[in-house]
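Report on the following structure.
Please read these numbers as outputs of a predicted model, since none were measured by experiment. Read the numbers this way: they start at 1 and go in the same order the structure lists the ligands and their atoms.
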Amino acid sequence: MSLHGRTALVTGSTSGIGLGVARALAAEGARVTLNGFGDPADIEALVAEISATSGSPAAYDGADLSRGEDVAAMVARAEERAGSLDILVNNAGIQHVAPIDQFPPERWDAIIALNLSAVFHGMRAAIPGMRQRGYGRIINVASAHGLVASAQKVAYVAAKHGVVGATKVAALETANDGITVNAICPGWVLTPLVERQLADRAAAAGTDVATESELLLSEKQPMLAFTTPEAIGALALYLCSDAARTVTGASLSIDGGWTAQ
Ligand code: NAD
């Protein structure tokens, strides 16, 4: 498969899963716009790496996606810079862990804004151009928590269930426009988002990160192994392939059996 001539925007791609997806798209020749936070020197190095891999100039947009108008403006800039936006990967996300009665309302607002509303704003801004050009691939990174719940993650679980629902609606509305819209639902992927949870658990339990990694996996996943960002990248590539042109509105689990239970 080649994505030469295709343009992509991957939100939250300075780290973790988003970076894995950006690298996979670039390896097939897509012209990629990165987004997310981080050290400017590290981001500059990533832009250079992704440009060299894909053979076309990558870009970086530092938009804070917790504001809807900023999401739309970022999509417009990406389209203008590259002349199109063929592939949109809505991936940026955050987490907060606490029981509902102790869950800070401002963390609820922040998680809903980034993990759910930004996905709506991104799709809303990208679909008209994709429809006009007759081609689009939208990939929303949801979670196993888009399909089932865990205690202490009310905002995250609500947002990710919302992403799965919004994905289905967008798929229906674009079914005959050359556009597919799908959700990827990973189980545990070892990224900074999960590393922070492991460190918090180890501090609270007086254990270490290795012990908490084993416990974390065994609580949820029959397969006691983390998925890699590279594997999520490979699944995203499949969704961009011609073979996947009738895959739309799907929620694709990549979760070591988590949601089979
Ligand atoms: P991560 O913390 O490694 O990366 C998150 C990315 O989002 C970073 O690039 C960060 O800079 C960016 N970001 C954070 N706030 C932002 C904002 N306001 N505006 C723009 N960018 C922002 O996390 P990750 O584990 O790679 O998670 C990526 C996605 O995958 C998230 O949506 C997460 O919910 C989902 N997910 C992760 C796992 C997992 O086990 N790691 C499992 C299922 C789903």
Side-chain angles (χ1 to χ4, degrees), residues 9-24 32-40 42-43 46-47 50 60-75 78 89-97 107 109-119 121-122 139-150 153 155-164 166-167 183-200 212-213 216-217 219-221 223 225-233 235-236 251-256 258-259:
L9 168 60
V10 186
T11 74
S13 47
T14 53
S15 159
I17 291 173
L19 181 54
V21 173
R23 283 183 166 137
V32 177
T33 297
L34 300 168
N35 157 263
F37 302 145
D39 177 69
D42 292 345
I43 292 170
L46 280 179
V47 171
I50 298 281
Y60 165 71
D61 193 312
D64 178 346
L65 306 185
S66 47
R67 292 188 294 262
E69 62 272 25
D70 292 0
V71 181
M74 175 188 64
V75 168
V89 183
N90 289 305
N91 163 78
I94 49 173
Q95 176 64 284
H96 186 83
V97 180
R107 296 314 297 156
D109 289 343
I111 290 172
I112 296 298
L114 181 63
N115 295 20
L116 177 58
S117 299
V119 176
H121 291 293
I139 299 170
N140 297 325
V141 179
S143 168
H145 284 123
L147 305 171
V148 295
S150 293
K153 295 187 174 175
Y156 189 88
V157 168
K160 295 298 189 181
H161 275 68
V163 168
V164 167
T167 299
I184 292 179
C185 297
W188 292 123
V189 185
L190 196 56
T191 67
L193 182 138
V194 170
E195 283 162 3
R196 283 189 289 275
Q197 290 179 59
L198 290 170
D200 290 349
E212 291 306 320
S213 295
L216 187 88
L217 288 167
E219 280 165 14
K220 297 291 177 185
Q221 283 195 190
M223 192 181 288
F226 287 102
T227 297
T228 62
E230 291 75 17
I232 310 284
L235 184 52
S251 305
L252 299 164
S253 290
I254 175 165
D255 68 1
W258 179 328
T259 55

Can Thr33 and Val10 be said to form a side-chain contact (heavy atoms from CB on, under 4.5 Å), step by step?
CA-CA 6 Å; Thr33 297; Val10 186; over 6 Å; no

Which atoms from ligand 1 have a heavy atom of Asp64 less than 4.0 Å away?
17 (C), 18 (N), 19 (N)

Looking only at non-hydrogen atoms, which of Pro186, Gly12, Gly16, Ser66 approaches atom 12 (C) of ligand 1 most closely?
Gly12

How far is atom 24 (P) of ligand 1 from its nearest protein heavy atom, and which residue and atom name does that atom have?
Thr191 OG1, 3.4 Å

Below a 4.0 angstrom heavy-atom separation, can you tell me which part of Ala63, side chain or backbone, both or neither, approaches ligand 1?
backbone

Below the 3.5 angstrom mark, is there an N/O of Val194, backbone or side chain, next to an N/O of ligand 1?
no

Which bit of Lys160 is near ligand 1, meaning a heavy atom under 4.0 Å away: side chain, backbone, both or neither?
side chain

Once you round to the nearest 0.5 Å, how far does CG of Asp70 lie from NE2 of His121?
10.0 Å

What residue and atom, counting heavy atoms only, is the protein's closest point to atom 42 (C) of ligand 1, and at what distance?
Gly187 O, 3.0 Å

Side chains of Thr11 and Asn91: is there a donor and an acceptor less than 3.5 Å apart?
no

To check your reading of the model: name the closest protein heavy atom to atom 27 (O) of ligand 1, its residue, and the distance in Å.
Leu193 CD1, 4.1 Å

Logged contact type for Ala118 with ligand 1, heavy-atom cut-off 4.0 Å, is neither

Among all protein heavy atoms in this structure, tell me which lies nearest to atom 9 (O) of ligand 1, with the distance rounded to 0.1 Å.
Thr14 OG1, 2.7 Å

List the closest protein heavy-atom neighbour of atom 32 (O) of ligand 1: residue, atom name, distance to the nearest 0.1 Å.
Asn91 O, 2.7 Å

Distance only, no hydrogens: is a donor on one side chain within 3.5 Å (strictly under) of an acceptor on the other, for Asn90 and Asn140?
yes

Report yes or no: does Ala144 have a heavy atom closer than 4.0 Å to ligand 1?
no

Taken to the nearest 0.5 Å, the spacing of Ile254 CD1 from Thr259 OG1 works out to 11.5 Å

So is Phe226 touching ligand 1 or not, going by heavy atoms under 4.0 Å?
no

Roughly how far, to the nearest 0.5 Å, is CD1 of Ile111 from OG of Ser117?
12.0 Å

His161 side-chain N/O to His145 backbone N/O, donor-acceptor pair under 3.5 Å
yes

Below 4.0 Å, non-hydrogen atoms only: which portion of Leu114 touches ligand 1? Side chain, backbone, both or neither.
side chain

To the nearest 0.1 Å, how far is atom 19 (N) of ligand 1 from its closest protein heavy atom, and which atom is that?
Leu65 N, 2.9 Å

Any idea which part of Arg196 is under 4.0 Å from ligand 1, heavy-atom wise: side chain, backbone, both or neither?
side chain

Region of Cys185 engaging ligand 1 - heavy atom pairs below 4.0 Å:
neither

Looking only at heavy atoms, what is the nearest atom pair of Ala92 and Leu65, with distance?
CB-CD1, 4.2 Å

Quick one: nearest non-hydrogen protein atom to atom 5 (C) of ligand 1, plus distance?
Gly93 O, 3.9 Å

Does the Gln221 side chain pair with the main chain of Ala225, one donor and one acceptor, at a distance under 3.5 Å?
yes

Please check this pair: side chain of Lys220 against backbone of Ser150, looking for a donor-acceptor N/O pair closer than 3.5 Å.
no

To which of Tyr156, Phe37, Trp188 does the heavy atom nearest atom 33 (C) of ligand 1 belong?
Tyr156

Judged by atom type as modelled, is there a donor-acceptor pair below 3.5 Å linking the side chain of Asn115 to the main-chain atoms of Ala159?
no

Which atoms of ligand 1 are found less than 4.0 Å from any heavy atom of Asn35?
20 (C), 21 (N)

Note, Phe37 side chain near Asp64 side chain (heavy atom, < 4.5 Å)
yes

Please tell me if the side chains of Leu34 and Val32 come closer than 4.5 Å, counting only heavy atoms from C-beta onward.
yes

Distance in Å, Asp200 CG paired with Gln95 CD, rounded so as to fall on 0.5 Å steps
10.5 Å

Residue and atom name of the nearest protein heavy atom (relative to atom 26 (O) of ligand 1), distance in Å to one decimal
Ile17 N, 2.8 Å

Could you tell me, atom by atom, which parts of ligand 1 come under 4.0 Å of a heavy atom of Pro192?
3 (O)

Side chain to side chain donor-acceptor pair (under 3.5 Å): which pairs involve residues 186-198, sequence neighbours left out?
Lys153-Gln197

Candidate with minimal heavy-atom separation from atom 1 (P) of ligand 1, of Gly36, Ala159, Ser15, Ala110
Ser15

Touching ligand 1 at all, Ser13? Heavy atoms, strictly under 4.0 Å?
yes

Does Ala142 come within less than 4.0 Å of ligand 1, judged by its heavy atoms?
yes

